[in-house]
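These notes concern the structure reproduced below.
Labels below follow one simple rule: chain letters A, B, ... track the order of the sequence lines, proteins then strands, and each chain is numbered from 1.
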2 protein chains.
Amino acid sequence: MEKSIKYKSHCPQYLGLDVFGDKWTLLIIRDMIIDGKRHFREFLSSEEKIASNILTNRLQALELEGIIRKESDPMHKQKIIYSLTEKGIDLFPILMEIAKWSIKYKEVDIEKAARANKIIKGGKETQQAIMKELKREHSPN
Amino acid sequence: MEKSIKYKSHCPQYLGLDVFGDKWTLLIIRDMIIDGKRHFREFLSSEEKIASNILTNRLQALELEGIIRKESDPMHKQKIIYSLTEKGIDLFPILMEIAKWSIKYKEVDIEKAARANKIIKGGKETQQAIMKELKREHSPN
DNA sequence: AAAACTGATTTCATTTTGCAAGCAGAAAAT
DNA sequence: ATTTTCTGCTTGCAAAATGAAATCAGTTTT
């Protein structure tokens with residue numbers, strides 16, 4: 001993720017990968033979209049075990065990019081709720097295509113594959129319904 | 001891309017990102033799929049200017065992963081032709097979803113956006129036709 | 001008052017990347 | 001025939017990113 005240096009190109013794939021082309025960023029988005037995670041410690045506890053400094057760095061970058069939003073939990077002054085913007089929710093189709101490919105070619109956990117396949121077989125409508133629901137869940141305030 | 005160490009999880013997104021979750025890998029695939037590039041020097045000449053050692057590294061990893069195939073050019077003994085396997089061609093939908101997102105949120109080159117939008121609007125059929133054609137072009141021998 | 005939990009920071013070793021130059025071999029040009 | 005150019009690829013080294021562990025100051029909970 002570049003700070004705001006000049007872009008190397010204006011190719012659509014490059015511009016996307018410049019934002020989320022690394023090992024962790026899309027996994028954080030996955031945590032939020034698929035697993036409904038919202039707090040720092042939840043992200044830390046994911047199977048892949050991201051380091052806390054990297055997590056902090058990515059959350060900041062994602063907020064700066066306008067993909068997530070930081071809000072303080074009204075119920076717990078010290079807790080911070082991370083939620084997705086529309087820009088973040090729109091990464092969902094990318095996550096699904098990655099899942100599709102992995103299910104075909106890698107040894108994906110059978111339950112997770114089943115869960116993903118349900119959405120894939122549901123087609124565009126199912127996917128849009130999920131995204132619509134996500135937009136409600138993640139709406140500000 | 002991990003050598004063959006234990007996977008951190010069997011989550012579909014993680015397993016995919018473990019293969020192509022970096023700045024360069026999908027750009028090489030883009031070069032092959034979108035721009036029809038087949039030779040080392042062609043990849044080197046892309047706008048984003050990948051370093052030659054990184055390129056070598058990624059091409060090796062992609063071959064090891066079974067995403068690309070190396071063949072020597074019968075017309076030019078010293079030239080090597082890199083082509084896509086089915087596993088590589090199946091990354092095309094991911095590239096398209098990334099393009100879709102970038103066109104919506106980033107300053108994508110207008111001509112490249114138009115080219116991508118044509119495919120997007122063509123729907124699943126257009127996409128499948130392109131992939132079928134790619135499979136012919138990239139078939140071994 | 002102590003303990004546990006919050007998001008984050010610090011330190012430091014390891015790994016990955018970026019950059020520039022250079023390589024041997026093959027083909028093309030002179 | 002010999003120089004020049006082109007091929008995929010390597011090397012050396014600096015810079016940046018990552019990983020791991022310990023630690024932090026507040027805030028809740030016990």
Problem set entry | Ionic contact status for A:Glu65 with A:Lys87, cut-off 4.0 Å | yes
For this session: Run the salt-bridge test on B:Arg38 and B:Asp31 with the 4.0 Å N-O cut-off and return the result as yes or no.
Result: no
Give me, pair by pair, the N or O atoms of the protein and of nucleotides 3-6 of chain C that are less than 3.5 Å apart, along with how far apart they are.
| unit_1 | atom_1 | unit_2 | atom_2 | d |
| --- | --- | --- | --- | --- |
| C:dT6 | N1 | A:Gln78 | OE1 | 3.3 |
| C:dT6 | O2 | A:Gln78 | OE1 | 2.3 |

Exercise. Could you state the NZ-C1' distance from B:Lys23 to D:dA15, rounded to the nearest angstrom?
Worked result: 12 Å
Problem set entry | N/O (side chain, B:Trp24) to phosphate O (OP1/OP2, C:dT16) under 4.0 Å | no
Exercise. Atom CG of B:Asp22 and atom C1' of C:dT16: how far apart are they, to the nearest Å?
Worked result: 10 Å
For this session: List in numerical order all residues of residues 45-54 of chain B for which some heavy atom is under 4.0 Å away from an atom belonging to DNA chain C.
Result: B:Ala51, B:Ser52, B:Asn53, B:Ile54
Problem set entry | Length of the line joining A:Lys77:NZ and D:dT28:P, which is rounded to integer Å | 7 Å
Exercise. Over how many whole Å does the gap from B:Asn57 atom CG to C:dC19 atom P extend?
Worked result: 16 Å
For this session: Evaluate whether atom CD of A:Glu107 has more than 12 neighbouring non-hydrogen atoms of other residues, nucleotides or ligands under 6.0 angstrom away.
Result: no
Seminar exercise, completed: Rounded to whole Å, CG of B:Leu55 lies from P of D:dT10 at a distance of 11 Å
Problem set entry | Between C1' of C:dA21 and CG of B:Leu44, the distance in whole Å | 14 Å
Problem set entry | N-O pairing of A:Arg58 and A:Asp22 below 4.0 Å | yes
Exercise. Using the ring of each side chain (for Trp, its six-membered ring), is A:Tyr105 parallel, tilted or perpendicular to A:Trp101, with breaks at 30° and 60°?
Worked result: tilted
Problem set entry | Pairing residues for B:Lys104 by the side chain to side chain donor-acceptor pair (under 3.5 Å) criterion, not counting sequence neighbours | A:Glu86, A:Asp90
Problem set entry | Residue pair A:Leu27 / A:Phe20, side-chain heavy-atom distance below 4.5 Å | no
Exercise. Which whole-number value in Å describes the distance from B:Glu42 CD to D:dC6 P?
Worked result: 14 Å
